[in-house]
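Structure record follows, encoded as structure tokens.
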Amino acid sequence: MGILEKISEIEKEIARTQKNKATEYHLGLLKAKLAKYRAQLLEPSKSASSKGEGFDVMKSGDARVALIGFPSVGKSTFLSLMTSTASEAASYEFTTLTCIPGVIEYKGANIQLLDLPGIIEGAAQGKGRGRQVIAVARTADVVIMMLDATKGEVQRSLLEKELESVGIRLNKHKPNIYFKPKKGGGISFNSTVTLTQCSEKLVQLILHEYKIFNAEVLFREDCSPDEFIDVIVGNRVYMPCLYVYNKIDQISMEEVDRLARKPNSVVISCGMKLNLDYLLEMLWEYLALTCIYTKKRGQRPDFTDAIILRKGASVEHVCHRIHRSLASQFKYALVWGTSTKYSPQRVGLTHTMEHEDVIQIVKK
Ligand SMILES: Nc1nc2c(ncn2[C@@H]2O[C@H](COP(=O)(O)OP(=O)(O)OP(=O)(O)O)[C@@H](O)[C@H]2O)c(=O)[nH]1
Ligand SMILES: [K+]
Ligand SMILES: [Mg+2]
């Protein structure tokens, strides 16, 4: 039996197995097997696609956003609207055949937006340019999944499945499980919370399926067997995803309203330029970037040139951006903005900066 057949056999078995306490172990085992075969499926061709005509586009700017979607949902139209790059748009499918980068300038940040070929069901197994498209998606900070508002929900779940199958986890955080393979000592299992989806026995079964007989496992969260498998396999990408429903000029107000209320979703019309500003705001939020302005002593802050950092960045990160050796000469900093109680406030290297703070660094 080929791997594809094995996979479909297991998927069928999972589908026809009722989910209850008695089948818990069986299902967990099936899922572990499934993940293993999928990984095998990816390995050989992964190297082939990186050798071939990949979409090696240079990372540039402060963040990268990939446009993923079925053909003709309006990805290229969107890129041409939001950036100064023109990407050919047409009413036939697979107009775009390669990766086309553009830049969105927003709040002082340069956000690289990547237009990509449309992908279809089976993309992860190499249909069309699917594999290359998905490889690019993995490198992004945020994925925009563009959907045609006139088409059903099936496109969304198909694409989610494609991305899932190559280890991309959308709008999920990394499972809070400590896992460390060991040389000996068997499997030590602990949890700090009550587990409702996994048990010590199931965890052992799954580990044995991966030929792991010695390891330390600590659940700090009530994770599912799938999440545990993700931790063992590793190499997963946890990525924010915005679902963007385009072409709302073609549907009823009721339908627009229904789509707009879905989680992580934004409705737009590229054709009529509707709601694009809101989409940018949401994108900015999902990117979670922080802009910091610097100020020299006795001078006004320089609002023309922001330092763009990830959310949660500290004063030390700011120092590194200004000059490599600045942190070692650092005495203290004065910060104005929402991260401090008073403005200015004297802070140290570990202080966490917030968006649009102003900082003045005082050297030793
Ligand atoms: N009615 C309507 N049509 C749109 C809208 N946005 C894009 N289109 C049309 O949809 C068609 C496909 O647009 P593209 O931008 O080529 O779509 P794409 O997703 O890049 O397609 P591929 O590159 O083939 O995957 C074109 O005819 C666009 O004019 C919209 O908001 N409303
Ligand atoms: K098209
Ligand atoms: Mg296109």
Side-chain angles (χ1 to χ4, degrees), residues 49 53-57 64-104 111-140 142-163 170 241-260 262 265-283:
S49 75
E53 8 80 83
F55 302 137
D56 285 331
V57 174
R64 169 179 265 197
V65 177
L67 279 167
I68 300 292
F70 270 70
S72 277
V73 293
K75 300 180 294 298
S76 303
T77 310
F78 180 73
L79 181 98
S80 302
L81 264 180
M82 307 303 279
T83 73
S84 57
T85 305
S87 183
E88 194 189 343
S91 58
Y92 57 87
E93 301 197 337
F94 298 110
T95 307
T96 309
L97 293 173
T98 177
C99 176
I100 300 178
V103 178
I104 300 177
I111 303 162
Q112 185 180 47
L113 181 67
L114 301 180
D115 183 23
L116 289 158
I119 60 173
I120 45 174
E121 194 179 1
Q125 269 125 47
K127 263 210 187 138
R129 310 247 156 137
R131 209 187 287 272
Q132 286 149 287
V133 170
I134 289 170
V136 172
R138 272 183 92 97
T139 68
V142 168
V143 161
I144 287 185
M145 192 181 287
M146 191 161 276
L147 299 152
D148 187 330
T150 67
K151 304 258 166 83
E153 280 300 287
V154 57
Q155 286 202 344
R156 175 168 167 167
S157 47
L158 281 173
L159 286 182
E160 283 173 333
K161 220 179 132 201
E162 292 297 328
L163 297 180
L170 302 175
C241 171
L242 252 182
Y243 299 94
V244 175
Y245 291 90
N246 185 30
K247 307 196 186 180
I248 54 165
D249 51 284
Q250 301 288 311
I251 58 171
S252 70
M253 274 312 289
E254 289 76 27
E255 188 61 3
V256 171
D257 191 57
R258 190 183 69 80
L259 294 174
K262 288 175 160 291
S265 301
V266 179
V267 294
I268 62 163
S269 163
C270 289
M272 296 186 72
K273 299 193 176 141
L274 293 174
N275 222 17
L276 298 171
D277 289 345
Y278 179 66
L279 171 53
L280 272 183
E281 274 175 44
M282 288 289 282
L283 184 60

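Values below: all heavy atoms of this structure, side chains included; hydrogens, waters and symmetry mates excluded. Numbers here are sequence positions counted from 1. Counting convention: from 1, in listed order, for ligands and their atoms alike. Bear in mind the structure is a predicted one, so any value in this text is a computation, not a measurement.
In M272, neither the side chain nor the backbone holds a heavy atom less than 4.0 Å from any atom of ligand 1. Neither the backbone nor the side chain of F78 has any atom closer than 4.0 Å to an atom of ligand 1 (non-hydrogen atoms only). The part of D249 lying near ligand 1 is the side chain, judged by heavy-atom distances below 4.0 Å. The part of A90 lying near ligand 1 is the backbone, judged by heavy-atom distances below 4.0 Å.
Listed by atom number, the atoms of ligand 1 under 4.0 Å from Q250 heavy atoms are 1 (N). The Y92 neighbourhood of ligand 1 comprises atoms 24 (O), with distances under 4.0 Å to a heavy atom of that residue. Those atoms of ligand 1 that come under 4.0 Å of a heavy atom in S269, given as number and element, are 31 (O). Near S91, meaning under 4.0 Å from any of its heavy atoms, are these atoms of ligand 1: 27 (O). The contact set between ligand 1 and F94, taken as ligand atoms under 4.0 Å from a residue heavy atom, comprises 24 (O). Close contacts of ligand 1 with G118, meaning ligand atoms under 4.0 Å from a residue heavy atom, involve 25 (O).
Taking backbone and side-chain atoms together, T95 has an N/O/S atom less than 3.4 Å away from the K ion (ligand 2). The nearest N, O or S atom of S72 is closer to the K ion (ligand 2) than 3.4 Å. Under 2.8 Å from the Mg ion (ligand 3) lies no N/O/S atom of S87, from backbone or side chain alike. Here S76 fails the criterion, with no N, O or S atom under 3.4 Å of the K ion (ligand 2). Here S76 reaches the Mg ion (ligand 3): one of its N/O/S atoms is less than 2.8 Å from the metal. Coordination check, A89 versus the K ion (ligand 2): failed, since every N/O/S atom of the residue sits at 3.4 Å or beyond.
Here CD1 of I251 is found 10.0 Å from OH of Y245. Values are rounded to the nearest 0.5 Å. A distance of 11.0 Å separates CD in Q250 from NZ in K151, rounded to the nearest 0.5 Å. The CG atom of L242 sits 11.0 Å away from atom CG of L170, with the distance rounded to the nearest 0.5 Å. A distance of 12.0 Å separates CE in M146 from CG in L116, rounded to the nearest 0.5 Å. In this structure, CG in L283 is found 8.0 Å from CE in M82, a value given to the nearest 0.5 Å.
The shortest contact between atom 18 (P) of ligand 1 and any protein heavy atom is with K75 N, 3.5 Å. Ranking the protein heavy atoms by distance from atom 21 (O) of ligand 1 puts S72 N, 2.8 Å first. With respect to atom 15 (O) of ligand 1, the closest heavy atom belonging to the protein is T77 OG1, 2.5 Å. Distance from atom 30 (C) of ligand 1 to its nearest protein heavy atom, with residue and atom name: G271 N, 3.3 Å. Considering only non-hydrogen protein atoms, atom 4 (C) of ligand 1 sits nearest to K247 CE, 3.7 Å. Protein heavy atom at the shortest distance from atom 23 (O) of ligand 1 is T96 OG1, 2.8 Å.
Pairing each heavy atom of I119 with each of I68, the nearest pair is CD1-CG2, 3.7 Å. Residues A137 and A66 share a closest heavy-atom pair of CA-CB, 4.1 Å. Taking both residues in full, the closest heavy atoms of I144 and V65 are given as CG1-CG1, 3.7 Å, listed atom of the first, atom of the second, then distance. Listed here is the closest heavy atom pair of C241 and M145: SG-CB, 4.0 Å.
For ligand 1, the polar-atom distance check against D115 finds no nitrogen or oxygen pair separated by under 3.5 Å. For the pair V73 and ligand 1, the shortest N or O to N or O distance falls below 3.5 Å. Residue contacts with ligand 1: N246 is placed with a nitrogen or oxygen under 3.5 Å of a nitrogen or oxygen of the ligand (distance criterion only). Polar contact check, P71 against ligand 1: no nitrogen or oxygen pair lies under 3.5 Å apart.
Remark: D115 does not engage K75 in a salt bridge, criterion side-chain N to carboxylate O under 4.0 Å. Electrostatic pairing of R258 and E254 does not count as a salt bridge here, judged by no charged N lying under 4.0 Å from a carboxylate O.
S72 contributes a side-chain N or O that, together with a main-chain N or O of Y92, makes up a donor-acceptor pair within less than 3.5 Å. Looking at S87, its side chain never comes within 3.5 Å of a backbone N or O of S80 through a donor-acceptor pair.
For Y278, the OH atom is loosely surrounded, since the number of other residues' heavy atoms within 6.0 Å does not exceed 12. Atom NZ of K262 is surrounded by more than 12 heavy atoms from other residues, nucleotides or ligands within 6.0 Å. Within a 6.0 Å radius of CG in D257, other residues, nucleotides and ligands contribute more than 12 heavy atoms.
Using a 4.0 Å heavy-atom cutoff, G69 is absent from the residues neighbouring ligand 1.
Comparing heavy-atom distances from atom 20 (O) of ligand 1 across A149, G74, S76, A89 singles out S76 as nearest.
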